[in-house]
Structures are given as C-alpha cells and as structure tokens.
Q: 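What follows is a single structure, and I will ask about it in a moment.
The chain is numbered in sequence order, starting from 1.
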Amino acid sequence: MVFNTDGMYNAEFFDYIFRGHFENIELKREDMRFLMIFEQYLRAFGRKCPSYLPDDKVEIMEQVCAVEEVSKNIYGDVLSRVCVEYKWVGTGLFARPDLYNAKIEVENIQKADAVRTTMDMILDPNAMGNSVDLMHQAKGLKNDMLQIFKINSCNSPGVRRFEENLKLFALNKPSIRMEGSSKYAAMKKSGGPTGSQDYSKLIDDLVANQSKTWSFNRYTPGSISAVSILSKDSEGRPKSVKANYSYSGFGSSSKGWVQIDFNNGLPKCIYFFDFPTNCKTPNSSIVASYAQGDYGR
C-alpha cells in the first residue's frame with residue numbers, strides 16, 4: 001500500500017496521516033491550517049475523481065456574501081465594503097458524506113473558538129508575518145492539490161487509507177496504523193549528515209521551493225552567494241546558516257538574505273529578510289534528501 005507524497009509542500013503531514021502516525025503530527029484538528037488542508041483535499045478529489053464518489057455523495061457548500069454594506073463619501077467614492085449577511089451556495093463539487101461530515105465537525109469546533117482565535121491573532125506580535133505565511137501555505141497547498149492525483153490513482157488503496165485516517169484525525173479518533181516508521185520520523189531521529197556538504201545547493205533548493213508560494217517576488221534560481229555558517233553543534237553540523245540571494249519584484253532586480261536554522265543537524269526554520277522573525281517550514285522532501293546524504297561533497 002503506497003501513498004506518494006514526494007515533492008509536496010505538505011509531504012510530511014500527508015505521510016503521517018496515511019500511516020496513521022498521529023503522534024508525529026504537530027498540527028491539531030482545530031487549527032485553521034488543518035481545516036484548509038481538509039477542505040482543499042475534498043475539493044481536489046471532487047474535481048479530479050468525480051466518478052469514484054459514492055451514489056450518496058453530497059455537494060460541497062460554501063458561504064458567499066448575500067448583503068453588502070457600502071460606505072461612501074460625499075462625492076460618491078466607495079470608502080469601505082462590509083458583508084453583513086451571508087448565504088450558503090453549492091460549489092458544483094461533491095464529496096463522500098462521511099468525509100464531508102467530519103470536515104463540518106472541525107468547522108464547528110473552529111467557530112466555537114472563533115473569539116479566542118481572533119484575539120490570538122490580534123495580540124500576536126508577529127501577526128503580519130504569520131498572515132503572509134498563511135497565504136504562502138495556501139499557495140503551497142494549492143500546488144499539492146494539483147499534484148496529488150497525478151502521482152496517486154483516485155481509487156488506489158493508498159488514497160483510501162489516507163482518506164480514512166484523515167477522517168479519524170478530524171474526529172479525534174484512533175488511527176489505522178501502519179507498521180514501520182515514516183522516513184520523516186526516521187530522519188528526525190537519526191539527525192543530519194556530518195562531513196562536508198554543499199550548502200549553496202541545499203539553500204538554493206530550499207529557497208527555490210519556498211519561492212513557489214511567494215505572492216509577489218520571483219526568486220532568481222542559482223543566485224545563492226556569500227554562504228556563511230553562523231554556528232555549529234557539538235558534532236560539527238551547522239546550527240545556523242546565512243546567505244544572500246537575488247529576486248525580482250515590481251519590475252526590478254533586488255538582493256535579499258535568508259537564514260536557515262537547524263535542529264539535530266536538519267533544516268528546521270527558514271527566515272527571510274523581509275520577515276526576519278517568521279519561521280517558514282522547509283520542504284520535508286528536500287530535508288529528507290539532505291538527511292540521506294544527497295548533498296554531500
């Protein structure tokens with residue numbers, strides 16, 4: 001039984017769900033990001049695999065604005081638009097009823113905790129960086145959903161197992177576990193490689209992958225320069241690495257810097273110059289390749 005996640009932005013999360021290794025998952029079911037993943041997976045299956053849905057399939061619904069309150073100045077210019085009433089409409093996409101009901105349960109949990117979530121966002125000192133990161137995650141998830149049914153068959157046993165465990169995670173129930181360890185859990189336990197590594201290539205791959213989720217700027221591939229190891233651990237592996245890179249934005253070319261922090265010898269957080277305190281998660285497939293020695297000199 002196989003569920004291919006290689007190269008995906010959320011590869012590690014998908015693999016843990018598929019294997020039923022919920023203990024390794026850092027996300028909680030009430031997290032906004034989990035609901036985003038669940039919602040987009042259901043839509044992707046409904047779009048790419050409609051013939052594999054059961055006869056009792058249900059339509060995926062979404063809220064749209066029904067009544068808008070518009071404020072204007074004395075010259076008739078629109079100052080603001082605020083939706084004051086919403087309605088549910090069908091998307092034209094369908095889902096398995098058990099999966100859709102599980103998604104609704106997660107939505108209800110989030111709605112019940114909406115006030116606390118809003119306050120946390122308001123009081124977050126890094127609110128702007130996190131909001132931009134959420135947009136990056138949404139774009140990365142979109143790319144995943146374009147790939148997932150290209151590298152996995154709609155009716156494969158792996159997809160069915162993934163869906164069952166996705167539902168169980170949403171319902172806070174025990175998983176259907178597979179034997180053996182995920183390569184992502186194994187690499188975190190063994191740690192990163194020792195010896196000489198091609199950090200310029202590693203940083204280039206990580207930044208190029210991360211740049212796929214950027215909203216405005218465009219990374220210049222192969223532009224990594226001035227690589228410096230800021231600190232090392234007791235085994236001589238980097239704890240923090242910094243480098244410069246080039247990017248284009250708004251019609252001109254510019255320079256920026258990126259810093260990558262490591263944990264147990266593996267890339268853990270990517271920080272970019274424009275949001276220097278906002279930790280972005282490295283692509284887990286690239287980190288796995290690094291752990292396996294693919295960047296050794």
Side-chain angles (χ1 to χ4, degrees), residues 5-17 19 21-28 31 33 124-126 129-130 133 136-137 140 177-213 219 221-246 255-297:
T5 66
D6 286 346
M8 292 189 188
Y9 185 81
N10 295 282
E12 185 176 346
F13 172 79
F14 291 152
D15 194 58
Y16 289 152
I17 289 287
R19 294 175 182 278
H21 297 178
F22 293 175
E23 70 278 4
N24 294 329
I25 297 175
E26 295 179 1
L27 278 180
K28 297 181 175 61
D31 289 347
R33 187 180 166 199
D124 182 1
N126 196 30
N130 286 335
D133 200 33
H136 290 166
Q137 291 169 8
R177 292 186 62 85
M178 291 183 69
E179 296 296 327
S181 178
S182 165
K183 68 178 181 180
Y184 302 108
M187 74 178 183
K188 289 180 178 180
K189 185 176 181 180
S190 61
T194 56
S196 180
Q197 305 294 321
D198 189 345
Y199 295 114
S200 181
K201 179 68 167 71
L202 173 66
I203 297 170
D204 181 53
D205 286 349
L206 289 171
V207 174
N209 178 265
Q210 186 69 214
S211 71
K212 293 177 182 178
T213 69
Y219 173 62
S223 64
I224 296 298
S225 64
V227 177
S228 61
I229 299 177
L230 303 181
S231 58
K232 295 183 178 181
D233 64 17
S234 59
E235 296 184 39
R237 302 173 302 187
K239 291 176 65 177
S240 187
V241 174
K242 195 170 185 178
N244 296 329
Y245 67 92
S246 300
K255 290 279 189 180
W257 59 259
V258 60
Q259 180 175 320
I260 300 176
D261 288 353
F262 291 66
N263 181 47
N264 195 23
L266 294 172
K268 175 68 174 177
C269 275
I270 303 175
Y271 300 95
F272 290 96
F273 73 100
D274 45 354
F275 290 102
T277 61
N278 185 252
C279 168
K280 292 177 172 55
T281 305
N283 180 287
S284 45
S285 296
I286 296 174
V287 176
S289 294
Y290 176 69
Q292 293 162 4
D294 292 349
Y295 289 84
R297 290 185 183 275

Q: Looking at every heavy atom in both Ser285 and Met8, which two are closest together, and how far apart are they?
A: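 Heavy-atom minimum between the residues: OG-N, 4.2 Å.
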Q: For Gln197 and Leu202, run side chain to side chain contact (heavy atoms under 4.5 Å, CB included): C-alpha distance rounded to whole Å, both residues' side-chain angles, the deciding distance at 0.1 Å, then the answer.
A: CA-CA 9 Å; Gln197 305 294 321; Leu202 173 66; over 6 Å; no
Q: Between Tyr295 and Asp205, does a side-chain hydrogen bond (donor to acceptor under 3.5 Å, both in side chains) hold up when you go through it step by step?
A: CA-CA 11 Å; Tyr295 289 84; Asp205 286 349; 2.5 Å; yes
Q: Does a donor on one side chain and an acceptor on the other come within less than 3.5 Å for Tyr219 and Asn209?
A: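 No, no side-chain donor-acceptor pair sits under 3.5 Å.
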Q: To the nearest 0.5 Å, what is the distance between CG (Leu266) and OG (Ser284)?
A: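 If I round to the nearest 0.5 Å, the distance is 11.5 Å.
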Q: Rounded at 0.5 Å granularity, tell me how far OH in Tyr16 sits from CE in Met178.
A: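 Going from the OH atom of Tyr16 to the CE atom of Met178 covers 14.0 Å.
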Q: To the nearest 0.5 angstrom, please state how far the CD1 atom of Ile286 sits from the NZ atom of Lys201.
A: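 Output value for this atom pair is 8.0 Å.
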Q: From the options Glu235, Arg237, Lys188, select the one residue that forms a side-chain hydrogen bond (donor to acceptor under 3.5 Å, both in side chains) with Asn264.
A: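 That would be Arg237.
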Q: Please examine the side chains of Pro282 and Ile260, heavy atoms only from C-beta on, and report whether any two atoms are closer than 4.5 Å.
A: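 No. Closest side-chain heavy atoms not under 4.5 Å.
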Q: Does the distance from a Lys or Arg side-chain N to an Asp or Glu carboxylate O, for Lys183 and Asp6, drop under 4.0 Å?
A: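 Salt bridge present between Lys183 and Asp6.
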Q: If I compare all heavy atoms of Ser211 with all of Ala208, which pair ends up nearest, and what's the gap?
A: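 For Ser211 versus Ala208, the nearest heavy atoms are OG-O, 2.7 Å.
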Q: Please say which of Ser225, Ser223, Ser246 ends up in a side-chain hydrogen bond (donor to acceptor under 3.5 Å, both in side chains) with Lys255.
A: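 So, applying the side-chain hydrogen bond (donor to acceptor under 3.5 Å, both in side chains) to Lys255 and each of Ser225, Ser223, Ser246, only Ser246 qualifies.
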Q: Roughly how far, to the nearest 0.5 Å, is the NZ atom of Lys268 from the OG1 atom of Thr281?
A: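 The distance works out to 7.5 Å.
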Q: Nearest 0.5 Å please: distance from the OG1 atom of Thr213 over to the OH atom of Tyr9.
A: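 Interatomic distance, Thr213 OG1 to Tyr9 OH, rounded to 0.5 Å: 5.0 Å.
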Q: Measure the spacing between OH of Tyr271 and OG1 of Thr277 and express it to the nearest 0.5 Å.
A: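 It is 8.0 Å, given to the nearest 0.5 Å.
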Q: Specify the closest pair of heavy atoms between Ala243 and Val227, including all atoms of both residues, with the distance to one decimal.
A: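 Minimum heavy-atom contact is CB-CG2, 3.9 Å.
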Q: Only one of Thr5, Asn24, Asp15 passes side-chain hydrogen bond (donor to acceptor under 3.5 Å, both in side chains) with Ser182; say which it is.
A: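 It is Asp15; the other options fail the test.
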Q: Does this structure show an ion pair linking Arg33 with Glu26, if we count only N-O contacts that are shorter than 4.0 Å?
A: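 Here Arg33 does not pair with Glu26 in a salt bridge, since their nearest N and O are not under 4.0 Å apart.
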Q: Using 30° and 60° as the class boundaries, would you call the ring planes of Phe272 and Tyr245 parallel, tilted or perpendicular?
A: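 Taking Tyr245 first and then Phe272, their aromatic rings stand perpendicular (interplane angle over 60°).
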Q: Any idea which heavy atoms bring Tyr184 and Ala11 closest together, and the distance?
A: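 Distance-wise, the nearest heavy atoms are OH-CB, 3.5 Å.
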Q: Closest heavy-atom contact between Ile224 and Ser200?
A: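 Where Ile224 meets Ser200 most closely, the heavy atoms are CG2-OG, 3.9 Å.
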Q: Looking only at heavy atoms, which two atoms of Asn283 and Gly7 are closest? And how far apart?
A: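 Where Asn283 meets Gly7 most closely, the heavy atoms are ND2-O, 3.7 Å.
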